Amino acid sequence: MNNYNTQYSNTDSLNNNNNNANNDMVEDEIGGITEGSKHSEQLAARRVLFMGLPRSGKSSILSVIFENALAYDTIGMPPTQERVAYQMAVTGITAYDFPGIDEYSETQYSSAVDPAVYAGDMTSLVYVVDSQGDFQNSLATLFSIIRNAQAVNPRIPINIFLNKIDGLSEELKDDIQQDIQQKVFKTMGYENMDYT
């Protein structure tokens with residue numbers, strides 16, 4: 001799966017929030033990696049949050065990584081309706097697949113996603129962008145997520161994962177990556193950051 005990944009973190013202020021969450025999320029281990037299971041209990045302390053618009057490919061990516069699914073087999077997966085946890089027992093990291101976030105105003109988004117999910121020194125966010133989808137809506141949602149995440153955890157690492165980019169030319173891939181980086185950095189006030 002070809003992808004481009006952009007990582008940045010606001011390091012202007014330090015957050016000392018600690019999350020004393022339960023690490024015993026999934027019991028059925030298969031080769032050190034557990035299959036996805038739906039949970040409503042507390043989040044694991046070491047976590048990666050997968051967010052993005054509906055149909056951007058969050059569940060497909062996690063199915064390929066954690067359930068050894070083939071990318072082709074994930075086409076047409078039903079949309080995620082509630083948070084799903086995938087745990088890698090060897091590292092103690094839990095990846096969470098969140099339902100697609102779409103067409104939320106900042107106020108609606110804040111009430112739909114508990115801001116506490118962003119707390120903790122060992123929390124990171126992966127925002128999945130469908131490279132063949134609606135960039136404007138996807139970026140507007142991303143900006144809301146960044147604002148809400150950094151209000152709770154100013155140092156949270158945020159990665160932008162460009163999905164469904166395999167069939168595009170290298171030039172188009174680079175153009176899409178640069179366009180998204182420039183828009184994110186300009187909108188979020190990071191124009192002068194080096195993102196190479």
Side-chain angles (χ1 to χ4, degrees), residues 1-54 56-71 73-74 77-101 109-110 112-129 141-142 144-163 195:
M1 211 184 271
N2 290 333
N3 65 71
Y4 283 83
N5 183 341
T6 302
Q7 179 181 13
Y8 65 95
S9 176
N10 181 355
T11 58
D12 292 338
S13 58
L14 188 61
N15 179 13
N16 291 321
N17 289 340
N18 289 321
N19 187 352
N20 298 323
N22 181 359
N23 258 335
D24 302 323
M25 297 301 292
V26 182
E27 296 176 9
D28 300 324
E29 293 186 16
I30 301 173
I33 298 176
T34 58
E35 292 189 30
S37 59
K38 297 176 183 175
H39 294 282
S40 59
E41 64 256 10
Q42 272 201 291
L43 298 170
R46 298 176 67 175
R47 60 185 174 267
V48 180
L49 314 174
F50 279 76
M51 297 182 171
L53 295 183
S56 60
K58 303 172 300 297
S59 300
S60 296
I61 293 165
L62 291 167
S63 292
V64 168
I65 295 169
F66 288 96
E67 296 176 351
N68 296 320
L70 299 174
D73 293 336
T74 65
M77 285 181 70
T80 303
Q81 298 299 316
E82 59 185 63
R83 188 178 71 215
V84 180
Y86 296 84
Q87 186 178 32
M88 186 172 295
V90 175
T91 63
I93 296 172
T94 303
Y96 291 95
D97 181 8
F98 282 77
I101 300 167
Y109 167 79
S110 297
V113 177
D114 180 1
V117 302
Y118 305 116
D121 293 337
M122 295 182 285
T123 300
S124 64
L125 171 67
V126 175
Y127 186 82
V128 179
V129 174
T141 302
L142 171 62
S144 291
I145 290 172
I146 291 172
R147 282 186 204 92
N148 283 284
Q150 290 184 338
V152 174
N153 185 353
R155 295 183 51 103
I156 188 171
I158 300 170
N159 299 276
I160 300 170
F161 185 97
L162 299 180
N163 194 28
Y195 54 86

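What you see below is based on every heavy atom in this structure, not just the backbone, and it leaves out hydrogens, waters and symmetry mates. All values reported here derive from a predicted model rather than from experimental measurement.
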* Asked: Considering the options M51, R47, Q150, which one meets the side chain to side chain contact (heavy atoms under 4.5 Å, CB included) requirement together with L125?
  -> M51
* **4.5 Å side-chain heavy-atom contact, Y96 and V117** => no
* K58 (side chain) donor-acceptor with Y127 (main chain) under 3.5 angstrom -> no
* Asked: How many angstroms lie between atom CG of N153 and atom CG of N148, to the nearest 0.5 angstrom?
  -> 12.5 Å
* To do: Report the distance from atom CG of N68 to atom CG of D73, rounding to the nearest 0.5 Å.
  => 11.5 Å
* Structure fact -> Residue set satisfying side-chain contact (heavy atoms from CB on, under 4.5 Å) with P79, at least two apart, ordered chain then number -> R55, Q81
* Validation row: L43, T94 side chains within 4.5 angstrom (heavy atoms) -> no
* Structure fact -> Tightest non-hydrogen contact, residues N163 and G57, listed as ND2-CA, 3.4 Å
* Asked: How long is the gap from CD1 on I146 to CD1 on I158, to the nearest 0.5 Å?
  -> 4.5 Å
* Rounded to the nearest 0.5 Å, how far does OG of S56 lie from CD1 of I61? -> 7.0 Å
* Asked: Who passes side chain to side chain donor-acceptor pair (under 3.5 Å) against T80, sequence neighbours left out?
  -> S59, D97
* Asked: Which residues satisfy the side-chain contact (heavy atoms from CB on, under 4.5 Å) test with S63, sequence neighbours excluded?
  -> E67, A69, T74, M77, Y86
* **Shortest non-hydrogen contact from V48 toward I93** => CG2-CG2, 3.9 Å
